[in-house]
Amino acid sequence: MNENQKIAEIFYEIAEYLSMKNIPFKPRAYEKAAEVLEGLEENVSLIYEKGGIAALEKIPGIGLSLAQKIEEFIKTKKIKYYEELKKELPVNLEELRKVEGLGPQSIKKLYDYLKIKNINDLKKAALNGKIRNLPGFGKKSEEKILKSLEFLSKSQNRFLLYKVLPQIEEIKSELEKVRGVKKVVIAGSIRRMKETVGDADILVISSQPQNVIERFTKLNNVVKVTSAGSTKAAVKLNFGMNVDLRIVEEKSFGAALNYFTGSKAHNIALRELSIKKGLKLNEYGLFKISANQEKFVAGENEEEIYQYLGMDYIEPELRENTGEIELALNHRLPKIIGYQDLLGDLQVQTNWSDGTFSIEEMALSAYRFGLKYIAITDHTKNLSVANGLDEKRILKQMEEIDKINTKFKKQGINFTILKGTECDILKDGSLDLPDKILEKLEVVGAAIHTYFNLSKTEQTKRLIKAMQNPNVDIIFHPTGRILQKREAYELDIDEIIQTAKKTKTVLEIDAYPDRLDLNDEYIKKCVECGVKMSIDSDAHSKEHFEYLKYGIAQARRGFAKKTDIINVWPLSKMLKFLKQK
DNA sequence: GCCGTTTTCGGCCCGACTGTTTTCAGTCG
C-alpha cells in the first residue's frame with residue numbers, strides 16, 4: 001500500500017469514529033479527503049517536500065487541519081488524533097464494519113453496553129441473546145447480525161466481472177418475462193465495467209412493480225431477501241453476492257439509471273454541481289428550485305441531465321470522479337474507443353503450445369467474431385510447461401500459416417493470419433528466440449513468465465532490455481498480475497512507459513478477464529505520454545475472442561481513444577506502425 | 001473540517017426500507 005492509500009485508510013477510520021460519536025459533517029470531510037488522496041497521482045510526501053503545508057492545503061478537500069495531520073504522518077508515521085480516537089473506542093472497526101446492517105451508531109452502542117470489540121465478541125453476545133435487550137435493538141436485529149456473520153465467514157467481498165456478468169444477464173432476462181415490464185437494465189459497477197464488482201444493481205421500468213418484486217425475490221438462486229418494499233428490493237445470491245433491484249417510472253428512468261450506475265463519488269459530485277446551479281438531482285430527476293417550488297427539468301434519459309448541467313455526456317466507464325466531470329464541463333472529454341472498433345487481435349495461442357485449437361480453427365473463430373486479422377503468438381521453448389516452440393517448430397509454423405492464408409484467399413475469406421510469437425523474456429532480459437528468427441516474424445510479443453520476484457530495479461531493467469531489442473513490437477501483459485491470485489511483479493511503471501515511448505514499443509492491454517493488464521491507471525499514463533497500446537484477447541480457445549470486450553472496457557476506463565490503440569487500424573497501417581521501430 | 005461566480009459564516013447529497021418505535025433513528029447505496 002502506498003503512502004496516500006495508508007493516510008486515506010486512516011482518514012476513513014477517523015470518519016467512522018467521528019460518526020460513532022455522532023459528530024455531524026466532520027466524518028464527510030474526512031471521507032472526502034480520503035477519496036481525494038486515493039485518487040491522487042502524486043505521492044503526498046513529494047508534494048509536502050516541494051511546497052510544505054501550503055502545497056498540501058491546495059489539494060481539494062484538504063484544509064489546514066488535515067494538512068497538518070498529513071504532515072504529522074509523513075514525519076512520524078502516526079496521527080495522534082487517530083490514536084486517541086482508537087484508545088477512546090477500542091473496537092476493531094475493520095472487522096465490525098464488514099457486518100451487514102451494522103453501522104457506526106450500532107457499533108458504538110454494542111461497545112458501550114456490552115464491550116463488544118470484534119466479531120468474536122459480537123457472535124458470542126448474539127448467540128447468548130444479549131443483543132435483543134439493548135435499546136434500539138430487538139429480536140430481529142439479533143437474528144440479522146447472526147445471519148450476516150454466517151455469510152461473512154464464507155463470502156468474499158468482490159467478484160470478477162466476467163464470472164458475474166452472465167449470471168446477472170440471466171436474471172435480467174428472467175425479469176423481462178414478468179408481466180408489465182417494459183425495460184430491464186443492469187446498472188452499478190457492472191455497467192461501469194469495473195474489473196471486479198461488489199454487488200449488482202438492476203433497474204426496471206414496469207407498470208406493475210409488485211409483480212417484479214415478487215419474481216425477483218423468488219428467483220431460484222436467491223438465498224436471502226434483505227429487503228422488499230414497493231419499489232425497491234435487495235437479495236443475496238447463492239454465491240454470496242448482493243443484488244439490488246429498483247423499479248422506476250419511465251419519466252425518471254435516466255435519473256434513476258444515473259443514480260444507480262454511480263460511482264457514488266461521481267453521483268455526489270453531480271449533486272453538488274446541481275446545487276451550485278440552483279438545481280436538485282435525485283433518482284427521480286433534475287429539478288429547478290425556486291421559491292419553495294420544484295420544477296422537473298430533466299430525467300427521462302441520462303443525456304438530457306448532463307446537457308442541462310452544461311456538460312457533455314459521460315460514458316459509464318469514466319464515472320469515477322477522477323477528472324471526468326471537469327472535462328465534460330469544459331467539453332474536453334476524449335472520444336473513447338468503442339466496443340465495435342477493434343479490427344484485429346495480436347495475441348492468440350493455438351494447440352502448437354498451450355492453446356486448445358488449431359491455427360485454422362482459431363482464425364475462423366476470429367473471422368466469425370468480426371475481426372480482420374489475428375497474430376498467432378504461441379509460447380517459446382523456455383516455457384516448457386506450455387509446450388513452447390523452439391526455432392525449428394516456429395519456422396514450421398510459419399509455413400503452415402502461409403498455407404492457411406493462401407487457402408483463405410482461395411475461399412474468398414477476407415482475413416489475414418500474422419506470424420507472431422509470445423517470446424519469453426529470460427531472467428537477464430534477453431529473449432528466448434534469436435534475432436534472426438524474430439526478424440522474420442510480423443508481430444513479436446515479449447512477456448515475463450518466470451522470476452516474478454526480482455527486485456524492482458532488476459525487474460525494470462529486465463523489461464527495459466527486452467524493449468530495447470528492435471525486434472520486439474509489444475510487451476504482453478506488462479505487469480503480470482492475476483486478479484485475486486497474484487500481485488503484479490515489482491516494476492517502475494513510469495520508467496517502463498518512458499522507455500516504451502523512446503523505443504516505440506507497444507504496451508498491451510491483455511483482455512483475458514483475470515489479467516486485464518495494463519490496469520486503468522497505467523492506461524491513463526500511456527495515453528498521457530502518447531505510448532501506443534494493443535488490446536488482445538490472449539485467447540487460448542475459440543470462444544475467448546469474447547474477452548476482447550473486457551479489454552476494451554479497461555481501455556475505456558483508462559480514457560483511451562481509437563488513436564491510442566494500434567489494432568483498431570486496418571492491417572497495412574498497423575503493420576507499417578510496427579515496422580517503424 | 002472544508003469551502004465560496006449569491007456566502008470568511010453557515011451550509012454540507014438524498015431517498016427507500018427496516019425495525020423498533022408510536023414518530024423516527026440507523027443503514028445503505
Side-chain angles (χ1 to χ4, degrees), chain A residues 11 14-20 22-36 56-70 81 96-110 131-145 147-148 187-189 197-203 209 213 217 225-235 242-248 252 255-256 258-287 289 294 310 321 329:
Chain A
F11 281 2
I14 290 177
E16 201 91 356
Y17 280 120
L18 295 174
S19 302
M20 288 168 73
N22 233 335
I23 296 170
F25 305 117
K26 277 195 199 187
R28 182 68 200 121
Y30 275 92
E31 273 172 27
K32 220 170 168 174
E35 285 163 18
V36 171
L56 292 176
E57 274 188 86
K58 287 220 177 80
I59 303 169
I62 310 278
L64 178 62
S65 170
L66 291 189
Q68 284 170 340
K69 290 190 175 66
I70 295 173
Y81 180 57
L96 289 174
R97 68 178 177 182
K98 279 190 201 146
V99 183
E100 272 176 68
L102 274 198
Q105 300 301 324
S106 312
I107 293 176
K108 173 80 162 38
K109 265 191 220 161
L110 290 169
I131 291 173
R132 65 181 73 181
N133 300 321
L134 300 181
F137 289 83
K139 208 175 156 204
K140 280 202 169 169
S141 5
E142 193 174 84
E143 281 166 13
K144 209 171 146 188
I145 286 171
K147 261 226 153 117
S148 298
S189 50
V197 299
D199 62 6
D201 304 278
I202 300 176
L203 204 58
I213 302 273
T217 52
V225 178
T226 313
S227 72
S230 58
T231 62
K232 191 178 163 180
V235 301
N242 292 323
V243 186
D244 293 325
L245 175 84
R246 185 89 172 231
I247 295 139
V248 298
S252 302
N258 187 253
Y259 156 77
F260 232 5
T261 297
S263 66
K264 195 177 169 195
H266 179 89
N267 286 349
I268 291 174
L270 279 189
R271 287 174 185 187
E272 286 171 346
L273 186 71
S274 306
I275 291 169
K276 277 187 200 152
K277 292 182 184 264
L279 303 164
K280 185 178 86 172
L281 178 63
N282 60 28
E283 61 263 52
Y284 297 106
L286 187 62
F287 300 88
I289 315 275
E294 289 184 0
N321 195 26
L329 280 168

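Here is the naming used below: chain letters follow the sequence lines, and residue numbers restart at 1 for every chain. From a predicted model like this one, the values you see are computed outputs, not experimental measurements.
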**Residue A:Ala29, side-chain atoms from C-beta onward, closest of B:dG29, B:dG1, B:dC14** = B:dG1
**Prompt:** Taking the same atom, C1', in B:dC13 and in B:dC3, what whole-Å distance lies between them?
**Reply:** 16 Å
**Request:** Look at all strands and tell whether A:Lys108 reaches a base, only sugar-phosphate, or nothing, counting heavy atoms closer than 4.0 Å.
**Result:** nothing
**Request:** Name all residues meeting the side chain to side chain donor-acceptor pair (under 3.5 Å) criterion together with A:Glu35; count only those two or more places apart in sequence or in a different chain, and write none if there are none.
**Result:** none
**Prompt:** With a 4.0 Å cut-off on heavy atoms, is A:Leu18 in touch with a base, just the backbone sugar-phosphate, or nothing at all?
**Reply:** nothing
**Request:** Kindly indicate whether the side chain of A:Arg246, heavy atoms from C-beta on, has any atom under 4.5 Å from the side chain of A:Val248.
**Result:** yes
**Exceeds 12 heavy-atom contacts within 6.0 angstrom, atom NZ of A:Lys109** = yes
**Proximity to the side chain of A:Asp201 - top-ranked nucleotide from B:dC17, B:dG29, B:dC14** = B:dG29
**Request:** Please report, rounded to the nearest Å, how far the C1' atom of B:dC17 is from the CG atom of A:Leu245.
**Result:** 14 Å
**Prompt:** Is A:Asn321 close to A:Ile268 at the side-chain level, that is, under 4.5 Å between some pair of heavy atoms?
**Reply:** no
**Request:** Determine, step by step, whether A:Ile247 and A:Leu245 satisfy the side chain to side chain contact (heavy atoms under 4.5 Å, CB included) criterion, reporting the C-alpha distance in whole Å, the side-chain angles of both residues, the deciding distance to 0.1 Å, and the verdict.
**Result:** CA-CA 7 Å; A:Ile247 295 139; A:Leu245 175 84; 4.1 Å; yes
**Message:** Checking base pairs now: Watson-Crick or wobble, both atom distances under 3.5 Å. What partners B:dT8?
**Reply:** none
**Prompt:** Taking atom P of B:dG29 as reference, at what distance in whole Å does atom CG of A:Asn258 sit?
**Reply:** 18 Å
**Request:** Using a 4.0 Å heavy-atom cut-off across all strands, classify A:Lys144 as base, sugar-phosphate, or nothing.
**Result:** nothing
**Prompt:** Which whole-number value in Å describes the distance from A:Lys280 NZ to B:dC13 P?
**Reply:** 13 Å
**First encountered from the 5' end of DNA chain B, between A:Thr231 and A:Tyr81** = A:Tyr81
**Whether A:Thr217 side chain and A:Ile213 backbone form a donor-acceptor pair below 3.5 Å** = yes
**Prompt:** In whole angstroms, how far is the C1' atom of B:dT18 from the CD1 atom of A:Ile213?
**Reply:** 15 Å
**Message:** Categorize A:Asn267 for me: base, sugar-phosphate, or nothing, with a 4.0 angstrom heavy-atom threshold over every strand shown.
**Reply:** nothing
**Item:** Sidechain-backbone polar pair: A:Glu16 side chain, A:Pro27 backbone, donor-acceptor under 3.5 Å
**Value:** no
**Prompt:** Taking the same atom, P, in B:dT22 and in B:dG26, what whole-Å distance lies between them?
**Reply:** 14 Å
**Message:** So does A:Asn258 get a backbone contact from the side chain of A:Thr261, meaning a donor-acceptor N/O pair under 3.5 Å?
**Reply:** no
**Message:** Can you tell me which nucleotide in B:dC17, B:dG29, B:dC2 comes closest to the side chain of A:Ser227?
**Reply:** B:dC17
**Asked** On a whole-Å scale, what distance lies between the P atoms belonging to B:dG1 and B:dT5?
**Response** 23 Å
**Asked** Hey, does A:Ala228 reach any base, or is it just sugar-phosphate, or nothing, if we go heavy atoms under 4.0 Å?
**Response** sugar-phosphate
**Prompt:** Can you tell me how far P of B:dC13 sits from CD of A:Glu283, to the nearest Å?
**Reply:** 15 Å
**Prompt:** When the P atoms of B:dA16 and B:dG10 are considered, how many whole Å apart are they?
**Reply:** 31 Å
**Request:** Might you point out which heavy atoms bring A:Ala255 and A:Gly285 nearest each other, and give the distance in Å?
**Result:** CB-N, 3.3 Å
**Request:** Give one of base, sugar-phosphate or nothing for A:Ser274, where a contact means two heavy atoms less than 4.0 Å apart.
**Result:** nothing
**Request:** Consider the side chain of A:Ile275, meaning its heavy atoms from C-beta on, and name the nucleotide among B:dC13, B:dC17, B:dG15 that approaches it most closely.
**Result:** B:dC13
**Inter-nucleotide P distance (B:dT27, B:dT20), Å rounded** = 13 Å
**C1' atoms of B:dT7 and B:dC14, separation to the nearest Å** = 23 Å
**Item:** Whole angstrom value for the distance that separates C1' of B:dA16 from CD1 of A:Ile247
**Value:** 12 Å
Check the interface with nucleotides 3-5 of chain B: list each N/O to N/O pair with the protein under 3.5 Å, or write none.
from  : atom 1 : to      : atom 2 : distance (Å)
B:dC3 : OP1    : A:Gly61 : N      : 2.4

**Message:** If you assign A:Asp199 and A:Asn282 each to the DNA chain B nucleotide with the nearest heavy atom, which residue ends up on the more 5' nucleotide?
**Reply:** A:Asn282
**Prompt:** Should A:Tyr259 and A:Asn267 count as side-chain neighbours, where that means a heavy-atom distance under 4.5 Å?
**Reply:** yes
**Request:** Taking atom C1' in both B:dT18 and B:dT23, compute the distance separating them and give it to the nearest angstrom.
**Result:** 15 Å
**Request:** Give A:Tyr259 one of three labels, base, sugar-phosphate or nothing, depending on what nucleic acid heavy atoms sit under 4.0 Å from its own.
**Result:** base
**Asked** Any donor-acceptor pair under 3.5 Å linking the side chain of A:Glu100 with the backbone of A:Ser148?
**Response** no
**Request:** Can you tell me the distance, in whole Å, between the CZ atom of A:Arg246 and the P atom of B:dC14?
**Result:** 15 Å
**Prompt:** Could you write nucleotides 20-28 of chain B as a row of B, S and -, 5' to 3', where a protein heavy atom under 4.0 Å of any base atom gives B, of only sugar-phosphate atoms gives S, and otherwise -?
**Reply:** SS----SSS
**Request:** Whole angstrom is fine here: how far is it from CG in A:Leu286 over to P in B:dC13?
**Result:** 16 Å
**Asked** What do the steps show when you test A:Lys69 against A:Ser65 for side chain to side chain donor-acceptor pair (under 3.5 Å), and what is the final call?
**Response** CA-CA 6 Å; A:Lys69 290 190 175 66; A:Ser65 170; 3.1 Å; yes
